[in-house]
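In what follows, a structure is listed as C-alpha cells, so that the remarks can point back to it.
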Protein chains: 4
Amino acid sequence: MGKKEDNKKKKREALLTSAYLLFTEKGIQRTTISDIVKHASIAKGTFYLYFKDKYEIRDKLIAIRGARIIEKSCLALLDEEEMSFEDAIIFLADRVIDLFEQNKASLSFISKNLSVALFNRSNTEEEKNRCVELFNKIIERSGKTFRDENIMFYMVIELVNSTCYDCIINKAPVSMEMMRPELYKAIKSLLVQFESE
Amino acid sequence: MGKKEDNKKKKREALLTSAYLLFTEKGIQRTTISDIVKHASIAKGTFYLYFKDKYEIRDKLIAIRGARIIEKSCLALLDEEEMSFEDAIIFLADRVIDLFEQNKASLSFISKNLSVALFNRSNTEEEKNRCVELFNKIIERSGKTFRDENIMFYMVIELVNSTCYDCIINKAPVSMEMMRPELYKAIKSLLVQFESE
Amino acid sequence: MGKKEDNKKKKREALLTSAYLLFTEKGIQRTTISDIVKHASIAKGTFYLYFKDKYEIRDKLIAIRGARIIEKSCLALLDEEEMSFEDAIIFLADRVIDLFEQNKASLSFISKNLSVALFNRSNTEEEKNRCVELFNKIIERSGKTFRDENIMFYMVIELVNSTCYDCIINKAPVSMEMMRPELYKAIKSLLVQFESE
Amino acid sequence: MGKKEDNKKKKREALLTSAYLLFTEKGIQRTTISDIVKHASIAKGTFYLYFKDKYEIRDKLIAIRGARIIEKSCLALLDEEEMSFEDAIIFLADRVIDLFEQNKASLSFISKNLSVALFNRSNTEEEKNRCVELFNKIIERSGKTFRDENIMFYMVIELVNSTCYDCIINKAPVSMEMMRPELYKAIKSLLVQFESE
DNA sequence: TATGAATGAGGGTTCATTCAT
DNA sequence: CATGAATGAACCCTCATTCAT
C-alpha cells in the first residue's frame, strides 16, 4: 500500500524543510538535530532513519536549494524573448545574483557550493538532471556549439557564486554593485573562449 | 623585558602550528581545543589568552596559510626570467596548483577561502601586505596598467582556487589534469579583459 | 496444523542461533535485539513473541550451550572402555577443558555459569534431564554410591569451570597448562571425600 | 600543595562509595553514571576524569570489596587463639560465608569474582598486597609448607565463592545451610592434597 | 601570566518497545 | 501470527569555558 510510502516521503520532506529553515535562520553549527525534529514534529530517533547525521542533511539541502536557484533562473530565461547566447547567460547570472541578494541567508547557507548541485557525483537525483536539461535547452536555442559545455558552465557558476558570496556576505573585495559590471565582462570573455570555431 | 614578549609569541606560534597540524590531519570539526593545547604542550586555559575560540584560530590560519601559498608562488616567479604578463600569471596559477596538489590536506583546509588571505577585512596583518606588494611588483614589471587590479586578481584567485578544490578534492566536474588547460585559457581571456586600452 | 508449529520452532531456533553467534562474537552488551533479528531475518516485533528480552535469551543460551558441553563430554566418555570412577570424572574434566580451550568465545559467554545448565531451577527443560541421566549412568557403571551426588557433581563442575574461565580467559592465577595437574589432584581428593563408606 | 591532591582523592573516594551503594541497591545495569555522580554530588564530566566508564569503576569496586571481605576474615582469625591450619582455613571460610549471608547485595555484586581481588593482573594495588600478606602470616603460623599456595588459596576461594553465590543467591543446588558441612569437608580434603610431604 | 581540575549543559545516538497494518 | 516504521526516554560522553591556585 502506498500510504506508508507516502508517509515516509512526507517525513523526509518535513525534516528537509525544517532543517533548511533552521540552518538559514541560526546557522548550521547552532542548529541541533533536536531543533530539527522538534520543528518537524517528529521523534528524534526517526531522524536517523532518514539521514546519517546533520551533515548529510546539510549536503542534501545544499544540492536541492542550489538546484532550485539555477532552475528558477533558467525558467525565467525561457519566459523571455530570444536573445543572444551571451546575453542569455548574463541574464541567468543576473537572476542568480538577484535571488541571492533577496535571500542572503540562503546564500550564506549554500556558501560557495552552488556547483555541487550540478556536478557533485553523490548528487544523483532529479534536481541535477532538470538543471542539465535546462542548460541544454539554452545551448540548443543559441544554435552554437562549445568545446566543453560542462566546464564552461562550471566556471561561470563558480565565478558568479564566488563573487556573490564574497561581495554580498563579506562585502569584499568590493560591493556586489561594483562587482556586477566586471563580472559580466568576465563572463562574456569566458564564453567567447569556449566557442568552437 | 623582551623575554616575556618572546615567550608569548612562541606560545601563540605553537598554538597556530599545532592547530594547523591537527586541522589538516583530522579536520576542523574533529579537532578540539583540548587536542590543540595538548599537542602544543600548553595549558587549556592559556588558549583563551590568545584566541577567542577554535574558529578564530581557524580563520587566522586560513589567512596565513593562504598567504604563504601565494607568496611562495610569487617568489618563484621573481626567480624566473622576465616573461609576458599573461605568462607570469599562468606561471603563478601553475605554482599554486602544484602546491595544492602536493598538499591536499592544506587545500582541504583552506577550501575555497584562498582569497581571504588577501581581501578579507578582518585580516589586517602583514601577510596580506606582503602578497599585495608582490602582486604590485609583478604588475610593475609587466609595464601594463589595468582597470581594476584588485578585482582582476580576485577573479583569477577564485577561479584557480575553486577549480583546485573541486577537481582535486571532489574530482568533479573533471580531473585537475583535464581542467588545467581550460583554466589557463580562461585566465588569459580574463586578463585581456582587464587591460586598460 | 503442524506446519505452523514447525515454523514457530524454526523461528525460535533461528533467534537462539543468531543470538549465540552474536553474543560470542561481539559480547552480550554490544549485541542488540536489532542485531539478533536482523541476523535471523526476522522482524523486530517478532522477537517479543518468543523472548521477554535479551537477558532471557542469554540465560536460555547459557543453559543450552553449557548442557551441550557436558553432554558431549559424557558421550565421549561412554564411548571409552570402562575405567575407574575417578578416572572417568578426570576424563570428563579433560574433555570439558579441551572444548573450552577450542572455543574461548563460548567459555567467555558461559563465563562461570556452567552449572546452571544442571542446577538452575528456572531451567526446566530437557537439556538438564539429559545431562542428569548421563551422570547417573556414569555412577551406575562405577558401582559406587555417594553421599550426595548432586553436590559432588556441582563442586567438580564449579572447580573445572572456574579454573577454565580464570586460567584460559584471564590467564590468572596461572596458565591452564599449569593448573591442569593441580585441578585433577583436587578433583580426585574431592571425589574420595564423597564416597559413602 | 597537597590540597588539590587531597581533593582529588576525596572525589575518587566519593565516586567509589556512591557507585557501590547504587550497584548493590539497584544493580549495575540499572545504575547510570548520572545516578552515581548525582549521589556523589559531583559533576558528570568529572566522572570521566577518574574512570573510563561504568565498567571500570565496577571492576575496581569488585576488587576493593572482595579484598575487604577477605581482609576482615583474616583479621578475625588473627584475633583468635592458635588453631590447626585446616581449622584456620575453615574459620576463614566460615567468616566469608557469614559476611556474604549478612550482605547478600554485596555477594550479588561481587558475584563469582572474589578471586580477582587477589589474582587479577590489572589489580596492582595495595588491597591485593594486604590480603597476600595476611595469607602468608597464616601459613607461617601453621608451620607447614605447601606445594603451591597460590593455587591452593585460589581453589578454596573459588569453591567458597561459588557455593555462596549459588546457594545464597540462587538457592541451588541446595541451601547454604545444607552446603556448608559438605563445603568444609571438601576444603579439608583439598588442603591435605596441597601439603608438601 | 599560566594552570588544569572541575564544570554541566546539551550534543549525538541508541534501542527496547509499541502498534497500525 | 508477523511486521518494521516510529517512538522518545535515556544513555554516554564531549568539550568549551571557568576560576581558584
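In what follows, chains are A, B, ... by sequence order, proteins preceding strands, each numbered from 1. Everything numeric here is computed off the predicted structure, so don't read it as measured data.
- More than 12 heavy atoms of other residues, nucleotides or ligands lie within 6.0 Å of NZ in A:Lys26, so this atom counts as buried by the packing criterion.
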Mind listing the side-chain donor-acceptor pairs of residues 106-113 of chain D below 3.5 Å, one per line with the distance, residues two or more places apart or on another chain?
residue  : atom : partner  : partner atom : Å
D:Ser106 : OG   : D:Tyr20  : OH           : 3.2
D:Lys112 : NZ   : C:Lys112 : O            : 3.0
D:Lys112 : NZ   : C:Glu158 : OE1          : 3.0
D:Lys112 : NZ   : C:Glu158 : OE2          : 3.2
D:Lys112 : NZ   : D:Asp166 : OD2          : 3.0
D:Asn113 : ND2  : D:Ile110 : O            : 3.2

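- The CD1-P distance, from C:Ile33 to E:dA16, rounds to 4 Å in whole Å.
- For DNA chain E, the stems formed by at least three consecutive Watson-Crick or G-U pairs, with both atom-pair distances below 3.5 Å, span E:2-21 with F:2-21.
- The separation between D:Asn7 atom CG and E:dT7 atom P is 9 Å, rounded to whole Å.
- Distances shown here put a side-chain N or O of B:Lys11 below 4.0 Å from the OP1 or OP2 atom of E:dA2.
- OP1 or OP2 of E:dT7 lies within a sub-4.0 Å distance of a side-chain N or O belonging to D:Thr46.
- Atom pair A:Arg12:CZ and F:dA5:C1' shows a separation of 16 Å (rounding to whole Å applied).
- Nearer to the 5' terminus of DNA chain F, by closest-nucleotide assignment, is the contact made by D:Thr32 (compared with the other of B:Ser34 and D:Thr32).
- Per the geometry, CG belonging to C:Asp35 stands 11 Å off P belonging to E:dT14, to the nearest Å.
- Side-chain contact, B:Lys44 with B:Ser34: a donor N or O sits under 3.5 Å from an acceptor N or O.
- Counting any heavy atom pair closer than 4.0 Å across all strands shown, C:Tyr50 reaches sugar-phosphate atoms only and no base atom.
- Within the structure, every side-chain polar atom (N or O) of D:Tyr48 is placed at least 4.0 Å from both OP1 and OP2 of E:dT7.
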